[in-house]
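Notes to accompany the following structure.
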Protein chains: 2
Amino acid sequence: MARDPVASADMSRPQKRNSSSDTSTKSPKRRRLRKISANGRGNIRESNEVRLLQAAETVFAERGFSGATTAEIAARAKLPKANLHYYFRTKAELYRAVLANMLELWLSELDRFTAERDPSEVVAEYISAKLNWSRRRPNASKVFANEILHGAPFLKSYLARDLRQRVEDKAGVVRHWIDQGKMRPLDPKHFVFQLWAVTQHYADFEVQVRAVLGRRRLTEADFADAAANITQLILQGALISPRPSGRAHK
Amino acid sequence: MARDPVASADMSRPQKRNSSSDTSTKSPKRRRLRKISANGRGNIRESNEVRLLQAAETVFAERGFSGATTAEIAARAKLPKANLHYYFRTKAELYRAVLANMLELWLSELDRFTAERDPSEVVAEYISAKLNWSRRRPNASKVFANEILHGAPFLKSYLARDLRQRVEDKAGVVRHWIDQGKMRPLDPKHFVFQLWAVTQHYADFEVQVRAVLGRRRLTEADFADAAANITQLILQGALISPRPSGRAHK
DNA sequence: GGAGAACTTGACCATTTGGTCAGATCGTCG
DNA sequence: CGACGATCTGACCAAATGGTCAAGTTCTCC
């Protein structure tokens with residue numbers, strides 16, 4: 001129950017004109033205040049919003065923002081189209097909600113990058129976690145990829161503010177590890193890009209991966225292979241395993 | 001809009017132009033037979049097709065297949081829309097042309113993977129080459145990425161045939177290198193995925209990269225940094241540099 | 001029990017958009 | 001020069017689609 005992802009949708013409620021000015025959400029008009037009778041049960045709104053969000057994630061992933069139709073989303077959610085527009089006034093608002101819904105999850109994955117921890121452990125964990133997202137929620141990744149691919153009309157400010165800051169911070173941690181001789185001297189930001197690239201690839205380019213591997217679907221084993229390969233590549237390529245010779249470790 | 005653009009060859013659209021005058025010479029799949037007067041100069045058709053293809057690449061990259069409008073493409077090519085449809089009967093046909101136009105270039109880059117050559121040299125070259133494509137023709141990469149992202153409706157067969165076979169072949173080469181102790185024992189296909197992922201990332205996720213790096217545009221220096229990072233990561237992570245002492249690694 | 005909010009939905013509508021057409025105009029070659 | 005195909009293009013059109021409405025139906029709570 002809890003895990004209400006809709007919470008983040010808050011910011012997308014009072015949506016209005018869009019285009020590229022996303023931060024301007026001033027909420028000029030409070031949406032119908034939801035009664036939400038304390039009744040712990042049967043919150044119709046929540047139930048329907050979740051269904052719509054899930055359907056939307058799938059459709060947006062498959063068709064992109066322009067290619068997706070509210071009719072198809074509604075159909076997939078098994079609701080009449082007019083009902084979809086009752087919960088989400090516009091396609092853009094629904095799209096925003098889907099994005100917000102996912103960013104919340106992603107951003108936090110970088111939290112484990114802290115100077116005190118051991119980089120090889122952190123990196124291995126991160127790869128595993130991101131790869132898991134690619135496996136469990138490929139559509140979320142695809143919607144995000146599609147958004148970025150087309151110039152991030154809705155996420156420009158998110159990228160420039162939150163994400164940039166976050167990476168800036170974590171780059172500091174990586175730099176610290178480098179200074180400590182735990183990592184090779186590489187550019188921290190590019191290192192992060194590389195991590196993102198290889199892990200998200202399995203969701204975004206899933207069709208290609210499947211075609212090349214000759215699979216009808218990517219199996220758990222395929223992801224295990226991917227994880228093993230990526231981990232080895234990154235750990236060997238970017239980390240410096242504590243050698244008996246040099247300075248102490250841990 | 002057409003539900004499924006895949007329709008491999010939906011040229012069934014009867015042009016109903018007339019009933020005979022066209023010599024009914026549908027001989028080769030080729031459309032209207034181009035006179036191509038030996039006139040070495042001013043081949044109008046070619047000139048216009050090129051302009052349309054370039055405009056289309058840009059628009060498809062920015063908007064995706066569904067989001068792109070033939071009107072915008074035509075405008076960008078500075079031609080009336082009807083003229084666009086004179087050269088490319090449908091949006092799908094134009095889109096196909098854009099894709100084909102690029103695959104031709106990409107597929108060949110893998111040619112350098114031959115057993116005789118030194119892997120570290122080959123890989124470094126490949127990374128550099130792919131990264132160059134990302135820099136010089138980001139739109140081509142984006143159109144491709146978008147196509148794959150949405151299930152490769154137009155490229156399914158290409159992926160399953162040509163690409164798969166090509167990777168299969170090159171995987172053999174990588175395996176050979178591994179057997180020779182020149183590379184670490186990794187999965188060859190996943191290794192290729194990793195190469196693609198990190199290099200194309202700079203074209204497909206350009207906006208994100210720019211945002212995080214705080215650049216208005218990615219500079220040559222940025223790509224140099226990327227190349228250095230990727231090369232180090234991959235070479236250190238996947239190759240085994242000839243050690244004076246025994247080959248014992250690990 | 002019933003007032004009013006929350007929710008539902010079929011019917012509509014204004015735009016957008018891919019694609020067509022028929023009548024010009026241009027270019028080339030015998 | 002004249003024929004004829006290649007090229008050009010403004011005007012259209014039918015289908016698709018985002019979004020609106022107003023008339024219901026269901027819930028909640030006093």
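A note on names: the letters A, B, ... follow the listed sequences, proteins ahead of strands, and every chain is numbered from 1. Quick caveat: nothing in here was measured; it's all calculated off a predicted structure.
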Rounded distance (Å) that lies between atom [atom2] of [N] and atom [atom1] of [X]:
X       : N      : atom1 : atom2 : result
B:Phe65 : C:dT17 : CZ    : P     : 14 Å
B:Leu84 : D:dT7  : CG    : C1'   : 14 Å
B:Lys91 : D:dA15 : NZ    : P     : 18 Å
A:Ile44 : C:dT8  : CD1   : C1'   : 10 Å
B:His85 : C:dG18 : NE2   : P     : 7 Å
B:Asn83 : C:dC26 : CG    : C1'   : 13 Å
A:Phe88 : D:dG18 : CZ    : P     : 16 Å
B:Tyr87 : D:dT9  : OH    : C1'   : 12 Å

Q: Kindly compute the distance separating CG (B:Leu195) from CD (B:Glu109), expressed to the nearest 0.5 Å.
A: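 Spacing of CG (B:Leu195) from CD (B:Glu109) equals 12.5 Å.
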Q: Take the angle between the ring planes of B:His190 and B:Phe193 and call it parallel below 30°, perpendicular above 60°, tilted in between.
A: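 Answer is perpendicular, since the angle exceeds 60°.
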Report yes if at least one side-chain N or O of [X] is closer than 4.0 Å to OP1 or OP2 of [N]; otherwise report no.
X       : N      : answer
B:Tyr86 : D:dT7  : yes
A:Asn48 : C:dT8  : yes
B:Arg89 : C:dG19 : no
A:Arg45 : C:dC7  : yes

Q. Can the ring centres of B:Phe144 and B:Trp106 be said to be less than 6.0 Å apart?
A.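 Yes.
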Q) Near DNA chain D, which residues from residues 68-80 of chain B have a heavy atom under 4.0 Å away? A)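 Listed by number, they are B:Pro80.
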Do any N or O atoms from the side chain of [X] and from the backbone of [Y] form a donor-acceptor pair under 3.5 angstrom?
X        : Y        : result
B:Ser141 : B:Ser134 : no
B:Asp169 : B:Arg166 : no
B:Glu147 : B:Phe154 : yes
A:His150 : A:Asn146 : yes

Q) Per the atom types in the model, does the base of D:dG18 pair as donor or acceptor with the side chain of A:Lys81 at under 3.5 Å? A)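 For A:Lys81, whose side chain was compared with the base of D:dG18, there is a donor-acceptor pair (under 3.5 Å).
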